[in-house]
There are 2 protein chains.
Amino acid sequence: MKAEIITVGTEILLGEIIDTSGPFVGKQLANLGIDVYYKDTVGDNFKRLDDAISLAEKRGDLIILTGGLGPTEDDITKQVLAKHLGLELVDDQVALTKINDFYAKSRTNRPGNELIMAQYVSGATVLPNDNGFAVGMFLKFNSKSYLVLPGPPSEMQPMFNKYGLPLLGKEIGQQSLIESRVLHFIGIGETNLEDQLKELISKQTNPTLATYVKQNEVTLRITANGKDQEEIKRLLDQEERQVQKIVGKYFYGYGEENSIEQVVVNLLKQNKLTITAAESLTSGMFQSKIGSVSGASEVFSGGFVTYAASTKEKLVAVAKETIQNSGVVSAATAAEMAAGALKALETDLAVSFTGVAGPSSLEGHPAGYFWIGMALPDGNVITQDFNFPKSRNDVRDYAVKMGFKMIYDYLENN
Amino acid sequence: MKAEIITVGTEILLGEIIDTSGPFVGKQLANLGIDVYYKDTVGDNFKRLDDAISLAEKRGDLIILTGGLGPTEDDITKQVLAKHLGLELVDDQVALTKINDFYAKSRTNRPGNELIMAQYVSGATVLPNDNGFAVGMFLKFNSKSYLVLPGPPSEMQPMFNKYGLPLLGKEIGQQSLIESRVLHFIGIGETNLEDQLKELISKQTNPTLATYVKQNEVTLRITANGKDQEEIKRLLDQEERQVQKIVGKYFYGYGEENSIEQVVVNLLKQNKLTITAAESLTSGMFQSKIGSVSGASEVFSGGFVTYAASTKEKLVAVAKETIQNSGVVSAATAAEMAAGALKALETDLAVSFTGVAGPSSLEGHPAGYFWIGMALPDGNVITQDFNFPKSRNDVRDYAVKMGFKMIYDYLENN
């Protein structure tokens with residue numbers, strides 16, 4: 001099967017937004033063994049999109065359209081496809097109700113056009129949008145297949161994974177099953193990880209290994225195919241064991257939609273441990289990530305942002321002498337910040353961050369140098385320093401991730 | 001002039017790398033007033049690239065090819081173009097010398113193929129590569145123009161800016177200048193904004209208006225062309241006045257790379273005011289955004305994450321009775337949180353966030369309902385409630401943005 005991806009949006013042609021949907025879909029199709037020979041971007045123009053669909057029909061069997069499903073006048077993807085195929089647009093009642101309910105509950109008026117996001121091309125299978133309003137669809141017509149997906153990655157990717165992939169799998173008459181296992185790593189770069197797994201990667205056939213990077217972490221996808229779940233599980237287990245033997249110390253969790261903060265909050269819940277933080281370098285980012293996890297209140301009652309030296313003294317009782325003698329970017333200050341936060345809110349664990357976000361250096365330390373402290377239930381405090389000479393917000397993000405990783409390692413080993 | 005961008009590379013089709021060259025070139029062409037109607041990605045395949053060039057010649061006048069100029073067997077762009085046009089590849093002596101010199105000086109052996117990076121299509125103007133080996137080129141042939149650029153952004157972007165743009169400017173006989181002004185809005189959706197600007201948008205010719213969305217905010221780009229800077233400025237000013245008259249209350253700042261936290265931190269600096277926060281709903285996200293701005297320490301010494309009711313009492317002195325009588329999601333609690341934080345750290349301003357992140361409801365309030373408090377230098381506290389029934393982290397992000405907007409409005413009007 002040959003596929004062509006058409007991304008719709010003038011803002012992409014103009015370079016105002018970067019298309020990440022095309023690459024995402026391309027990768028997934030490659031995993032399925034579907035060839036993608038062309039990927040096109042077309043502006044929000046009726047005739048040009050219509051032409052692009054015609055051309056894609058000549059060149060391939062599966063046409064994937066992303067973007068242009070919103071409520072504005074620029075959003076024309078469904079309208080063009082319907083006209084192109086000579087089909088009507090009809091309402092999906094579930095999506096319609098969802099949109100109406102939203103505007104009934106919120107205080108903003110619904111501006112006229114929102115309801116068209118519930119429309120789909122007659123005869124298509126509707127793909128629900130769990131993270132937005134615009135429905136997707138899958139349609140077979142005149143021996144061609146059409147998969148239509150929303151533009152925003154936060155809506156498109158879950159829709160594709162949950163509803164699109166199984167449909168495509170059926171479509172290509174997948175005889176053997178294909179399954180992936182996703183592993184997350186923190187504290188190692190992509191090149192380094194690939195280098196360490198070089199031997200496994202070079203001899204890969206089934207399973208295959210593919211790495212990709214999110215901000216300051218690396219994801220490894222192990223994909224196996226087999227005649228049944230059992231065979232696939234055996235293949236994946238076997239491959240994962242070899243991977244873990246080499247880079248296991250950087251591993252923190254499984255699954256496409258996982259994150260280190262989710263893993264750590266869940267581990268804290270399981271261990272019935274509470275946590276707090278005193279953040280200087282990261283200025284609340286660690287606690288914000290804790291709060292992003294639903295149900296975090298079970299393990300987290302609050303904490304401190306201690307940006308200035310005086311605030312470190314005032315809120316978490318760092319001794320003036322410690323700062324004078326060791327500086328704010330030091331093991332001693334990190335330790336007292338963590339211990340002070342733990343004491344102030346009577347938690348089981350506390351973590352602290354102090355360092356140089358940059359761009360300027362501080363106390364003779366270069367931008368990217370920082371200390372993390374972790375106060376433990378037994379009264380001990382562990383400190384560790386890091387050097388990550390990147391941009392200000394990369395340093396802060398990396399520090400938060402390494403903080404979570406230190407807690408993860410502690411919880412896994414105790 | 002109509003342009004088409006062709007990005008060459010199987011690794012882009014497979015989603016292994018994200019194409020940033022297309023967006024970069026698209027933006028630059030838009031600024032020049034050259035229309036880009038299509039952008040295609042083609043794998044490293046001779047016939048398919050040849051077909052794509054033929055198609056682009058039918059659809060436009062300027063064909064821009066990026067990628068595939070390297071020394072490996074996959075790199076075929078120049079070879080395909082030369083064959084397509086029936087022209088020879090010839091050596092650029094400057095580039096040839098540069099490659100030979102490099103390998104003479106370095107200790108690594110030159111792997112056979114490197115010299116082809118010095119080749120260009122006979123008759124073309126060579127664009128030197130100041131950051132690599134592969135030369136680019138600009139060619140006019142049979143009434144079409146071809147601009148060929150390397151794939152890596154670090155090589156492509158400087159080459160395009162330094163050598164490509166002047167050639168294109170001459171090509172289109174650039175008479176008039178084009179310039180954009182970017183305006184940012186918070187607290188209004190894209191559809192609603194477009195709806196309110198309907199009349200302006202419908203009659204747009206010069207300047208033109210285009211909206212796009214980032215998470216919970218909307219950007220408006222006003223683009224004007226004129227014979228000189230003065231005329232453009234007059235056109236932009238005039239259009240902006242009309243826009244501001246209608247949606248000015250949602251406006252917070254100018255410029256492609258701007259953000260509400262940057263604007264607010266800068267305004268606080270200008271006004272020599274300090275700020276703190278007590279965050280429940282947002283759990284440190286507001287303070288993290290403050291800390292993301294370089295130089296934030298001038299106006300921010302730290303603050304509180306008061307997630308649990310008990311922490312609100314303990315850290316920022318919210319009265320037990322207030323919580324008992326009004327609940328944590330209330331104007332009264334928001335007010336006491338802000339006032340308590342201001343008092344604790346002796347700042348000029350303090351902001352507080354308390355509400356229901358979801359997915360569950362709280363105290364009878366639905367997910368997405370929240371209060372923001374803002375304590376002022378004169379001792380007053382302003383509170384405002386919001387209802388934003390979206391996902392947990394959308395609610396938190398929206399709350400932080402509305403908090404910044406309240407501070408912005410206060411600073412602009414006082």
Side-chain angles (χ1 to χ4, degrees), chain A residues 11-20 22-27 30 36-43 45 48 52 71-72 102 105-108 111-114 131 279 282-288 290-292 294 297 300-308 310-311 315 345 359 392-393 396, chain B residues 12-16 18-20 22-27 30 36-43 45 48 52 189-192 194-195 212 279 282-288 290-292 294 296-297 300-308 310-311 315 345 357 359 366 387-389 391-393 396:
Chain A
E11 67 280 19
I12 295 173
L13 282 182
L14 292 179
E16 281 165 4
I17 59 172
I18 303 261
D19 170 38
T20 57
F24 173 85
V25 173
K27 191 174 275 184
V36 182
Y37 284 165
Y38 295 96
K39 190 176 88 59
D40 325 309
T41 304
V42 191
N45 175 285
R48 287 194 286 276
T72 74
F102 174 85
K105 272 190 216 152
S106 81
R107 285 187 219 152
T108 45
N113 278 325
E114 254 65 11
N131 301 282
E279 300 186 64
T282 50
S283 186
M285 194 192 271
F286 176 86
Q287 296 171 78
S288 179
I290 294 250
S292 75
S294 175
S297 56
F300 176 68
S301 75
F304 309 89
V305 178
T306 55
Y307 212 56
S310 60
T311 313
L315 299 187
L345 289 182
R392 180 177 182 88
N393 286 310
R396 300 172 70 234
Chain B
I12 295 172
L13 282 182
L14 291 178
E16 282 164 6
I18 303 258
D19 169 39
T20 56
F24 172 84
V25 173
K27 193 175 277 185
V36 182
Y37 285 166
Y38 297 96
K39 190 178 87 58
D40 325 308
T41 304
V42 191
N45 176 284
R48 286 195 285 279
E190 185 185 25
T191 326
N192 198 343
E194 282 189 354
D195 208 49
Y212 50 109
E279 300 186 63
T282 50
S283 188
M285 193 192 271
F286 175 86
Q287 295 170 81
S288 179
I290 296 251
S292 75
S294 173
S297 56
F300 177 67
S301 75
F304 308 90
V305 179
T306 56
Y307 212 55
S310 60
T311 312
L315 299 186
L345 289 183
N387 197 9
F388 192 71
S391 75
R392 181 176 181 86
N393 287 311
R396 299 172 70 234

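Every chain is numbered from 1 and lettered A, B, ... according to where its sequence line falls, protein lines coming before strand lines.
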Give me the atom names and distance for the closest heavy-atom approach of [X] to [Y].
X	Y	value
A:S301	B:T311	O-OG1, 2.7 Å
A:L13	B:Y38	CD2-C, 3.9 Å
B:G291	A:S283	CA-OG, 3.6 Å
B:L315	A:F304	CD2-CE2, 3.6 Å

Chain B contact via [X] - side chain, backbone, both or neither, heavy atoms under 4.5 Å:
X	result
A:T282	backbone
A:T306	backbone
A:N45	neither

Query raised in the report: Relative to chain A, which of B:A30, B:G43, B:P389 shows the most heavy atom pairs under 4.5 Å?
Result: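 The option with the most such pairs is B:P389.
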Report task. Determine the option with the most heavy-atom pairs under 4.5 angstrom with chain A, choosing from B:E194, B:R392, B:Q287. Result ->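 Highest number of pairs under 4.5 Å: B:R392.
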Query raised in the report: If you count heavy-atom pairs under 4.5 Å between each of A:K27, A:E279, A:K39 and chain B, which one has the most?
Result: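 Of the options given, most contacts go to A:K39.
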Query raised in the report: Highest number of heavy-atom pairs under 4.5 Å with chain B: which of A:P23, A:S292, A:S297, A:P71?
Result: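 With the most close heavy-atom pairs to chain B, the winner is A:S292.
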Query raised in the report: Where the side chain of A:T72 meets the backbone of B:T191, is there a donor-acceptor pair that is under 3.5 Å apart?
Result: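 Looks like no, no N/O pair under 3.5 Å.
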Report task. Go through the atoms of B:E190 and report whether side chain, backbone, both or neither lie under 4.5 Å from a heavy atom of chain A. Result ->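 Interface part for B:E190: side chain.
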Requested in this report: Give, as side chain, backbone, both or neither, the part of B:S391 having an atom under 4.5 angstrom from any heavy atom of chain A.
Outcome: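 Contact with chain A is absent: no heavy atom of B:S391 under 4.5 Å.
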Query - Single hit among B:V42, B:T41, B:D40 for side chain to side chain contact (heavy atoms under 4.5 Å, CB included) with A:D40 - result: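 Among the candidates, only B:D40 passes.
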**Report entry** Residue pair B:D19 / A:D19, side-chain heavy-atom distance below 4.5 Å
**Finding:**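 The answer is no; the side chains never approach within 4.5 Å.
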Query - Side-chain touch B:R396/A:S288, heavy atoms, less than 4.5 angstrom - result: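 B:R396 vs A:S288: side chains touch.
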Query raised in the report: Any idea how B:Y307 and A:F300 line up, ring-wise: parallel (<30°), tilted (30 to 60°), or perpendicular (>60°)?
Result: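 Ring orientation of B:Y307 relative to A:F300: tilted.
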